[in-house]
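Notes follow the structure.
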Amino acid sequence: MMEDIAAGIRKALETKRFSGSLKFDCGVDGVIVMADGTASTEDRETDCTLRLSQENLVSLLKGKLNPMVAMATGKLKLSGNPAVAMGLAKLLA
């Protein structure tokens, strides 16, 4: 499932630019790292980490979960540089 999600992000990155590095950490389900113009399921250090469930990640990427609401309700936790996470909005648009 995580590889399928990463493939969708890679496709989006073909036409949209993302600066910095960001990790979606879904705990036991795995990670997706966006860096260097691509997305991978290999874990590494990043500028920013978003911790959330795989289900919430899918909702976030489909635009069904508002990131601010997710943070306020504890569905999403951010660590690292929040400016990198803000760049995600351009990718999702």
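Keep in mind it's a predicted model, so treat the numbers as computed, not measured. As a basis for the values below, the full set of heavy atoms in this structure was taken, side chains included, without hydrogen atoms, waters or symmetry mates.
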_Nearest-0.5 Å distance that lies between atom NZ in Lys77 and atom CG in Leu52_ = 10.0 Å
_Nearest non-hydrogen partners of Met34 and Leu13, listed with the distance_ = CE-CD2, 4.5 Å
_Can you list everything that forms a side-chain hydrogen bond (donor to acceptor under 3.5 Å, both in side chains) with Ser53? Sequence neighbours excluded, please._
Asn56
*Transitive ILVMFWY cluster of Val28 at side-chain heavy atoms under 4.5 Å: who else is in it?*
none
*Are Phe18 and Val31 linked, directly or through other ILVMFWY residues, by side chains that come within less than 4.5 angstrom of each other?*
no
*Glu3: what forms a side-chain hydrogen bond (donor to acceptor under 3.5 Å, both in side chains) with it, not counting sequence neighbours?*
Arg10, Thr41
*Among all residues two or more places apart in sequence or in another chain, which pass the side-chain hydrogen bond (donor to acceptor under 3.5 Å, both in side chains) test with Asp36?*
Arg44
*asked:* Is there a continuous path of hydrophobic side-chain contacts, each under 4.5 Å between heavy atoms, that joins Ile9 to Val33?
replied: no
*Ala6 versus Ile32, closest heavy-atom pair with distance*: N-CD1, 3.7 Å
*At their closest point, which heavy atom of Ser79 faces which heavy atom of Arg51, and how far apart are they?*
OG-NH1, 3.0 Å
*Provide the closest heavy-atom pair for Ala85 versus Leu50 in the form atom of the first, atom of the second, distance.*
CB-CD2, 4.3 Å
*Would you mind listing every side-chain hydrogen bond (donor to acceptor under 3.5 Å, both in side chains) that reaches into residues 17-31, with sequence neighbours excluded?*
Ser21-Asp47, Lys23-Asp43
*CA sep, side-chain torsions, deciding dist, call: Leu88, Phe24, side-chain contact (heavy atoms from CB on, under 4.5 Å)*: CA-CA 11 Å; Leu88 188 59; Phe24 295 106; 3.8 Å; yes
Give every donor-acceptor pair under 3.5 Å between a side-chain atom in residues 57-70 and any protein atom, sequence neighbours left out.
unit_1 : atom_1 : unit_2 : atom_2 : d
Ser59  : OG     : Glu55  : O      : 3.3
Asn66  : OD1    : Met68  : N      : 2.7
Asn66  : OD1    : Val69  : N      : 3.1

*Please round to the nearest 0.5 Å and tell me the distance separating atom OG1 of Thr49 and atom CG of Asn81.*
11.0 Å
